[in-house]
Each structure stands twice: as structure tokens, then as C-alpha cells.
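Along the sequence shown, residues carry numbers from 1. We use all heavy atoms of the structure for the numbers below, so side chains are in, but hydrogens, waters and symmetry mates are not.
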Amino acid sequence: MNEFKNGISTYRETLLGIQEKMQASYDKAVIALSGGALGLSFTFLKEVANRESLHATRWLLASWALWGLSVSCILFSFLSSATAMQKAIKQTDEKTIYIEAAGGLFNRITKCLNIAAGLMFFAGLICLVVFVWRNTP
């Protein structure tokens, strides 16, 4: 029985390590993609689009706003994640971790912010595609 507990404990630690790496990769990817998309849209506007006859500029502005919000969500998720970790440590110290949701409200906020960041990135991408489509011959 003791071998089983040790095996499960090791497996759990492995899963936690993988989860942390995946979350860090997700955050980096959203920030890099949103920042890159902003740069690409500026380049399109400067080099390709005819500024005198731009159409549907609201789509471009919407994409910029969505990408800015996407990056902001990731930045706020760093803060909420750190707060959730502090709460989980406190719950562990107080031995309430098994009767309360780990990290509490801040853990749920972090999850929502991460989902929102991804959705806003894709929505911004769609807005840019519409803008480019409306402004290419």
C-alpha cells in the first residue's frame, strides 16, 4: 500500500510540474501572439494599405483593443494566480485545503482571465482579417 501512495504522490507531482509549464507556455504564447499581431497590423497599415481610402477602420481599432485586452488579461492573471497560490498555501497551513476550493475565488478568476485572453486574441484576429479583406483589392 505504501508503494502505491508513493507512486501516486510522484505521479501527482509530475502532473503539477507539467501543468505549471503548460500554463507558463500558454501565457507566453498569448502575449507573443497578441504583441506580434499588433506589430503586423501596424506594418500592414504602414506598408500595404492605401491610407487615403481605408475602409472599415473600426475592425482594425477593434482588433487593437482586443489584443490589448488579451495581454491585459494575462498580466492580471499573473497577479490573481500569485494571490491564489498564497491562499492555497494558507489553506494548506490551516489544513482547510481539503474542504475548500484551493486558491478560492482568485483561482477561478485566474481561469476566467486565461480563457478570456485566448478568446480575445482570436476575436482580434478575426477583426484584423475582416479589416484586411475590406482594404485589399
Residues A56 and F131: closest non-hydrogen pair is O-CD1, 3.4 Å

Closest heavy-atom pair, S41 versus W64, reported as atoms and distance to 0.1 Å, is OG-NE1, 2.7 Å

Whether over 12 other heavy atoms sit under 6.0 Å from F76 CZ:
no

In terms of hydrophobic clustering (I, L, V, M, F, W, Y; side-chain heavy atoms under 4.5 Å; direct or indirect links), are L113 and L79 co-clustered? no

Heavy-atom nearest pair, A102 first then I97, reads CB-CD1, 3.7 Å

Please determine whether residues I115 and I31 belong to a single hydrophobic cluster, defined as Ile, Leu, Val, Met, Phe, Trp and Tyr linked transitively by side-chain heavy-atom distances below 4.5 Å.
no

| field | Joint cluster assignment, W59 & L38, ILVMFWY side-chain distance < 4.5 Å | value | yes

Distance col, row T110:OG1 vs L105:CG, nearest 0.5 angstrom, shows 9.0 Å

In short, A88 meets G103 closest at the heavy-atom pair CB-N, 4.0 Å

Separation between CG (D27) and CG (N114), nearest 0.5 Å, reads 5.0 Å

> Same hydrophobic cluster for V130 and L61, using side-chain heavy-atom links shorter than 4.5 Å among ILVMFWY?
Replying inline: yes

Rounded to the nearest 0.5 angstrom, the CG-CG distance for L128 and L40 is 6.5 Å

Rounding to 0.5 Å, atoms OG (S80) and CG (N107) come to a distance of 8.5 Å

If two hydrophobic side chains count as joined below 4.5 Å and joins carry through other members, does L54 share a cluster with L60? yes

For H55 and R134, the nearest pair of non-hydrogen atoms, with its separation, is CD2-O, 3.8 Å

When every non-hydrogen atom of L69 is compared with those of M120, the smallest separation belongs to CB-SD, 3.3 Å

- Can you check whether G118's main-chain N or O pairs, donor with acceptor, with Y26's side chain at less than 3.5 Å? yes

Value for NZ (K28) from CD (Q23), rounded to nearest 0.5 Å, stands at 11.5 Å

Using a distance-only test with no angle check, is there a side-chain donor-acceptor pair under 3.5 angstrom linking S34 and S70? yes

Should the heavy atoms of other residues, nucleotides or ligands under 6.0 Å from CZ of F78 be counted, would the total exceed 12? yes

So CZ of F121 and CG of L33: to nearest 0.5 Å the spacing works out to 4.5 Å

